[in-house]
Structures are given as structure tokens and as C-alpha cells.
Amino acid sequence: MSFIQRRRFLWMCFLAGLVLLGLTAAFANGTTLARLRFEELAQQSSVVARLRCLGSEFHWERGELWTETRFEVVERNKGLLSGIVTVRTIGGTSGHLHSHVDGVPIFRSGEEVYLFLWERPGEPYRVLGWAQGTFRIARNADTGNESVTQDSALLPLFDPRTRTFRHGGIRKLPVEVFQLKLRKALQQEN
């Protein structure tokens, strides 16, 4: 093969690679969360509760890494729950491998959260709307006052009504106000 033939062959390989890369990018899908209003979260969830994280376990199933987190029920707002609840999320850590999916909440032992959960018969609960259904509770060390922040408050969410991405969600809302908002949303359901 002459120099000119090799060069032509390499250019053809390069151009074919660019076309393949372009096609791959055109058909690849990312994670896009459609915005759920607070009232929709309350209505679509099977269970809403204030929970305390006890710890997590990781396991493989059908080639995917999953995390199952156990929670102690602190307060029930909707649905029936036993004293300990297991919540399943995709992703986690197994040895030196780490699997992360944007928008999926990660829980730490000891923290308290309000979770909007849905269930499939025979399986652990799942968080409705991932980051949208996760509300972390923070306690002010000086005053002891508690506030609630929605995980999705910092994520860009797609709003189907306006067909745009925007930031939104609950940030540093006093727990008492959050509970009133939750009761009102749950009453609208009935």
C-alpha cells in the first residue's frame, strides 16, 4: 500500500468515526426529570413520612448496582408503614466501583428526611420523582429550629407547561410550615 493510499484510508476511517460519533450523540438519552408540583407529589405517592436513616446496603441485580436504605419511621403523614422501611434506589458503591445517576438521592446514616414514596407489590419502596420526592431536614445548632430543603431545589427540572428548564423547589422552609403545606396537599387529594 502506497503512502497516498494509506493516507486516504486513514482519512476515510477518521470521517467514518466522526459520522459514528455524531449518530451516537444524536440517539443518546440523558436523565431529564419532568417537574412535579408539590401537590402532585402528595397525590401520586403511596406513602409520605418523616424518616431517620439507619444505614444502606448495596447489591447487584441484572448487571445494575442498587442501594437499599433502611429507615426508622419518625412520623407518618400518608399510607401505612411498619416501624422500619426499606427504600431502594439505583446506583451505589461496591468495592472500588461507584455508580451514580443524576437526581437519585443518597442518604447518610442518622439524617432525617421527609420522603414521598411509591411501591410495587413485593418490592421495597422507591422515592417518587427521585430528588423531587426527597426533603432533607436541617437543624439550626443555635436555635434548634428545623427547616426542610428539597433535593431538587438545585437541579434544573423540565417544566412541561413552559417547555423550559428551571430551578425550583422548597428551600429552608420551617418544618412547621412544611407540615401545613403537606396537610393541605393531602386534603386536596380527598
Side-chain angles (χ1 to χ4, degrees), residues 30-94 97-139 146-155 157-158 168-171 173 175 177-190:
T31 302
T32 300
L33 296 177
R35 183 180 180 280
L36 292 171
R37 292 183 0 255
F38 187 80
E39 294 76 17
E40 292 172 319
L41 283 169
Q43 292 166 7
Q44 293 178 23
S45 62
S46 308
V47 171
V48 180
R50 180 174 177 160
L51 307 168
R52 182 177 300 113
C53 180
L54 300 174
S56 299
E57 294 178 0
F58 312 103
H59 68 275
W60 291 94
E61 185 177 310
R62 293 188 213 120
E64 294 286 346
L65 184 58
W66 293 88
T67 300
E68 290 192 357
T69 306
R70 289 184 5 266
F71 292 92
E72 174 186 10
V73 177
V74 176
E75 172 188 321
R76 294 171 190 86
N77 301 96
K78 178 183 178 181
L80 301 173
L81 292 172
S82 61
I84 304 293
V85 176
T86 301
V87 175
R88 185 176 208 202
T89 54
I90 192 162
T93 302
S94 177
L97 296 175
H98 179 77
S99 173
H100 173 77
V101 178
D102 285 339
V104 174
I106 298 170
F107 303 105
R108 295 175 304 282
S109 289
E111 78 173 324
E112 288 191 18
V113 293
Y114 278 97
L115 292 181
F116 290 68
L117 304 172
W118 62 277
E119 63 182 323
R120 281 188 188 162
E123 293 187 17
Y125 288 99
R126 311 238 177 141
V127 181
L128 180 65
W130 292 348
Q132 295 178 82
T134 304
F135 296 80
R136 309 227 182 229
I137 300 169
R139 182 172 287 126
E146 295 179 322
S147 64
V148 177
T149 298
Q150 190 174 13
D151 272 10
S152 63
L154 301 176
L155 295 175
L157 298 175
F158 183 72
I170 293 173
R171 294 179 195 207
L173 188 68
V175 166
V177 176
F178 176 83
Q179 289 171 335
L180 288 172
K181 183 176 180 69
L182 179 57
R183 277 196 289 276
K184 182 179 176 185
L186 292 172
Q187 286 173 351
Q188 289 178 358
E189 179 180 17
N190 298 326

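Just so we're clear, the structure is a prediction, and the values are computed from it rather than from any experiment.
A heavy-atom distance below 4.5 Å is found between the side chains of Val113 and Phe71. Two residues are said to be in side-chain contact when any heavy atoms from C-beta on lie closer than 4.5 Å; Val148 and Lys181 fail this criterion. Side-chain atoms of Tyr125 and Leu81, non-hydrogen and from C-beta on, do get closer than 4.5 Å to each other. Between Ile170 and Tyr114, every side-chain heavy-atom pair lies at or beyond the 4.5 Å cut-off. Put simply, the side chain of Leu115 reaches to within 4.5 Å of the side chain of Thr134, judged on heavy atoms. Within the 4.5 Å cutoff, the side chain of Leu51 has heavy atoms near those of the Val73 side chain. Between His100 and Asp102, some side-chain heavy-atom pair lies under the 4.5 Å cut-off.
For the atom pair Arg126 CZ and Arg120 CZ, the distance stands at 5.0 Å (nearest 0.5 Å). One finds the CZ atom of Phe116 at 5.0 Å from the CG atom of Leu182 (value rounded to the nearest 0.5 Å). Summarising the geometry, atom CD belonging to Glu123 is positioned 9.5 Å from atom CD belonging to Glu68; distances are rounded to the nearest 0.5 Å. With rounding to the nearest 0.5 Å, the separation of CZ in Arg50 from CD1 in Ile137 is 3.5 Å. Here the straight-line distance linking atom CZ of Arg171 with atom OG of Ser147 works out to 13.0 Å at 0.5 Å rounding. Between the CH2 atom of Trp118 and the CG atom of Leu41 there is a distance of 14.0 Å, given to the nearest 0.5 Å.
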List, one per line, each side-chain donor-acceptor pair under 3.5 Å for residues 83-94, sequence neighbours excluded.
| from | atom 1 | to | atom 2 | distance (Å) |
| --- | --- | --- | --- | --- |
| Arg88 | NH2 | His59 | NE2 | 3.4 |
| Arg88 | NH2 | Glu61 | OE1 | 2.6 |
| Thr93 | OG1 | His98 | ND1 | 3.0 |
| Ser94 | OG | Trp60 | NE1 | 3.4 |

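The one candidate from Glu111, Glu146, Glu112 that meets the salt bridge (charged side-chain N to carboxylate O under 4.0 Å, His left out) condition with Arg136 is Glu111.
By the neighbour-count criterion of 12 heavy atoms within 6.0 Å, atom CZ of Arg76 is densely surrounded, having more than that number from other residues, nucleotides or ligands. Residue Leu80 places its CG atom among 12 or fewer non-hydrogen atoms of other residues, nucleotides or ligands, all under 6.0 Å distant. Counted within 6.0 Å of CD on Glu72, heavy atoms from surrounding residues, nucleotides or ligands total more than 12; the atom is thus considered enclosed.
For the pair Thr69 and Ser56, the tightest heavy-atom approach, listed with the atom from each and the gap, is OG1-OG, 2.9 Å. When all heavy atoms of Ser109 and Gly55 are compared, the pair lying nearest together is OG-CA, 3.5 Å.
No donor-acceptor pair under 3.5 Å is formed between the side chain of Lys78 and the backbone N or O of Leu186. A donor-acceptor pair under 3.5 Å is absent between the side-chain atoms of Glu39 and the main chain of Ala185, judged by distance alone.
Ring geometry for Phe38 versus Phe135: interplanar angle over 60°, hence perpendicular rather than tilted (30 to 60°).
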- prompt: Can you list the steps and then say if Leu117 with Val127 is a side-chain contact (heavy atoms from CB on, under 4.5 Å)?
  reply: CA-CA 5 Å; Leu117 304 172; Val127 181; 4.0 Å; yes
